[in-house]
Amino acid sequence: MEKIKKISIKTYLYILSALVILVSLTITFLVQNLIGYFEFSDLYKSRFSDFWHQPHYLIAFLNYASVTLIPIIIIFITANIFFKKIIKDSLEKMNYVMENLIENNLDFEMPQTSVTEFQTIFETSNKIKNELSQKLIQQWRLENEFEHRLSIMKHELKTPITIAQGHINLIKIYAQKGTKDNLIIDESKIVQNNIERFKNHIDETLQLMNDKNSASALSTSWSINSIGNYIQHNYSAIFSQHQKNLQVFSPLSTIEDRKILGDYLSIRHIIDNLVSNALNYSDVTTKISYEIKQDKLNLLFTNDGSPFSKDELAHAFEEKYKSVHSNGSGIGLYFSNYLANKINASIKLSNIDDKPQSALTLKITKPFEPDVISKP
């Protein structure tokens, strides 16, 4: 937009005053000359028997009238032009701006004016407009994110249900075979724990949804060993039911084990998703190992299924993306990646020796010396 040269109202008044004086003097001078020319014309002289000694009332009236009325008329005309063309125009523009701001209609172009005082108001209004726009965009994003998380919550609730179903099936098998009661009791406890987890899962997800900083909101109680134990305890039986093999890394010694920095619930969501994906897309074997490099832990989820396609590697973390082989909702990896970003972690998909691998990188309390690679 072309910038308009701005002039203050005070300067406008100075210009108008000078213009009124100059125009008034010029017109008065011309009118006075015309009156003088008329006074000494033969037409006017013929009205008097003694031109030089008789009073000239008409000429006197015209002289006084020209000196008085001409400046008043000039002031009226210039003031009318100034207020109608400049002040009124600026006021109408200001009213236009205020109406749009009041109605939250922020998709309008901010007008400009040549009057400095009004232009200052428009510039301030433009800042207000930009602030409101940013707040509305932020509000829209929060509302959109809230809706996304509600849909994601439905997907995340499936994990404890799947685990419970797997162990219920084991209980049925043990009961049919007449297996000892202690095995049935152990499986029942797992089912009970996952039912309890299912009941609490909605509150946990809502807590994640309302939390602005997931990395510091909840206690960080994961360690390398607790992750291994969690996966082994909750998923070994499910893999067995599907005639598949789950290999989890061997536990570390108490001295070597390290705490993991990050929100407990977020990490559990991510692990559940990556293990479930490995279960669904592996042929037989899924291997879970780790690498420790300085202050970072890389959890590696490798299976013997088909390698990731180029399309999957490029779009796997996009919302609602589903590969041709997927029967899921298309939001599991998207949400896991979202949570990973929240806790300063990361997820990477790759093919290692033509085998699909998902790597979850987390921060740990202290680096190992030297770097460590796990052995199942």
Side-chain angles (χ1 to χ4, degrees), residues 1-140:
M1 181 185 293
E2 186 179 353
K3 288 190 176 180
I4 300 175
K5 186 177 180 181
K6 295 181 283 295
I7 304 173
S8 68
I9 294 178
K10 185 178 180 181
T11 304
Y12 265 117
L13 292 177
Y14 284 145
I15 294 172
L16 286 174
S17 299
L19 186 63
V20 167
I21 293 171
L22 181 62
V23 173
S24 297
L25 288 174
T26 302
I27 295 176
T28 302
F29 174 77
L30 294 174
V31 170
Q32 288 290 321
N33 281 320
L34 290 173
I35 293 172
Y37 178 78
F38 173 71
E39 183 180 8
F40 291 96
S41 66
D42 293 337
L43 176 65
Y44 185 74
K45 285 180 179 181
S46 64
R47 296 172 59 88
F48 296 90
S49 57
D50 187 0
F51 178 78
W52 295 106
H53 293 93
Q54 286 179 297
H56 298 185
Y57 294 113
L58 177 61
I59 298 300
F61 173 77
L62 290 175
N63 283 329
Y64 285 119
S66 65
V67 171
T68 306
L69 294 177
I70 287 174
I72 293 174
I73 293 170
I74 297 301
I75 290 172
F76 176 79
I77 293 172
T78 53
N80 193 50
I81 293 172
F82 173 70
F83 283 102
K84 276 191 175 181
K85 298 295 183 181
I86 298 175
I87 300 297
K88 185 179 178 182
D89 179 66
S90 297
L91 288 172
E92 288 176 351
K93 290 178 179 178
M94 189 169 69
N95 185 57
Y96 165 76
V97 170
M98 293 300 108
E99 285 179 352
N100 279 283
L101 290 177
I102 290 171
E103 294 174 2
N104 274 338
N105 177 24
L106 306 179
D107 188 20
F108 70 94
E109 187 174 352
M110 190 62 64
Q112 293 193 29
T113 180
S114 59
V115 184
T116 304
E117 289 79 0
F118 283 103
Q119 185 61 28
T120 302
I121 294 173
F122 293 154
E123 290 173 358
T124 304
S125 300
N126 194 48
K127 292 179 182 178
I128 295 172
K129 170 193 168 186
N130 292 335
E131 286 290 329
L132 288 173
S133 297
Q134 291 299 320
K135 288 183 178 180
L136 286 175
I137 290 172
Q138 184 180 8
Q139 182 181 356
W140 176 82

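Just so you know, these numbers come straight off a predicted model, no measurement behind them.
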Exercise. Would you check if the side chain of Lys129 reaches a backbone N or O of Val97 as a donor-acceptor pair within less than 3.5 Å?
Key: no
Quiz item: Rounded to the nearest 0.5 Å, how far does CZ of Arg47 lie from CG of Asp42?
Solution: 14.0 Å
Quiz item: At what distance, to the nearest 0.5 angstrom, does CD1 of Ile27 lie from CG of Leu22?
Solution: 9.5 Å
Quiz item: More than 12 foreign heavy atoms under 6.0 Å from OH of Tyr14: is that the case here?
Solution: no
Exercise. Indicate, with yes or no, if the rings of His53 and Phe48 have centres closer together than 6.0 Å.
Key: no
Quiz prompt | Candidate pair Phe122 and Lys93, rule side-chain contact (heavy atoms from CB on, under 4.5 Å), full reasoning | solution = CA-CA 9 Å; Phe122 293 154; Lys93 290 178 179 178; 3.5 Å; yes
Practice problem: Could you point out which residue of Val23, Leu19, Ile73 forms a side chain to side chain contact (heavy atoms under 4.5 Å, CB included) with Thr78? | Solution: Leu19
Quiz item: Once the angle between the rings of Phe40 and Trp52 is folded into 0 to 90°, is it parallel (under 30°), tilted (30 to 60°) or perpendicular (over 60°)?
Solution: tilted
Practice problem: Please answer whether the main-chain N or O of Leu91 pairs with a side-chain N or O of Asn95 as donor and acceptor at a distance below 3.5 Å. | Solution: no
Quiz item: Going by heavy atoms in the side chains, are Glu39 and Leu58 under 4.5 Å from each other?
Solution: no
Quiz item: With respect to Asn63, which candidate in Thr68, Thr28, Val31, Ile35 satisfies the side chain to side chain contact (heavy atoms under 4.5 Å, CB included) definition?
Solution: Ile35
Quiz item: Ser24 and Ile70: which non-hydrogen atoms are nearest, and at how many Å?
Solution: O-CG2, 4.0 Å
Exercise. Could you check whether the rings of Phe38 and Tyr44 sit parallel, tilted or perpendicular, using 30° and 60° as the cut-offs?
Key: tilted
Exercise. Work out which heavy atom in Thr113 is nearest to a heavy atom in Ser90; give both atom names and the distance.
Key: OG1-OG, 2.7 Å
Quiz item: In terms of heavy-atom contacts, does CZ of Phe108 have more than 12 from other residues, nucleotides or ligands at under 6.0 Å?
Solution: yes
Quiz prompt | Interatomic distance, Asn130 atom CG to Ser125 atom OG [nearest 0.5 angstrom] | solution = 11.0 Å
Exercise. Check whether more than 12 heavy atoms from other residues, nucleotides or ligands sit under 6.0 Å from atom CZ of Phe76, and answer yes or no.
Key: no
Quiz item: Do other residues, nucleotides or ligands put more than 12 heavy atoms under 6.0 Å from the NZ atom of Lys88?
Solution: no
Quiz item: CD1/Ile128 to CD/Glu123 distance, rounded to the nearest 0.5 angstrom?
Solution: 12.5 Å
Quiz item: How long is the gap from CG on Asn33 to OG on Ser66, to the nearest 0.5 Å?
Solution: 10.5 Å
Exercise. Look up atom CE in Met98 and atom CD1 in Ile121, then write down how far apart they are to the nearest 0.5 Å.
Key: 7.5 Å
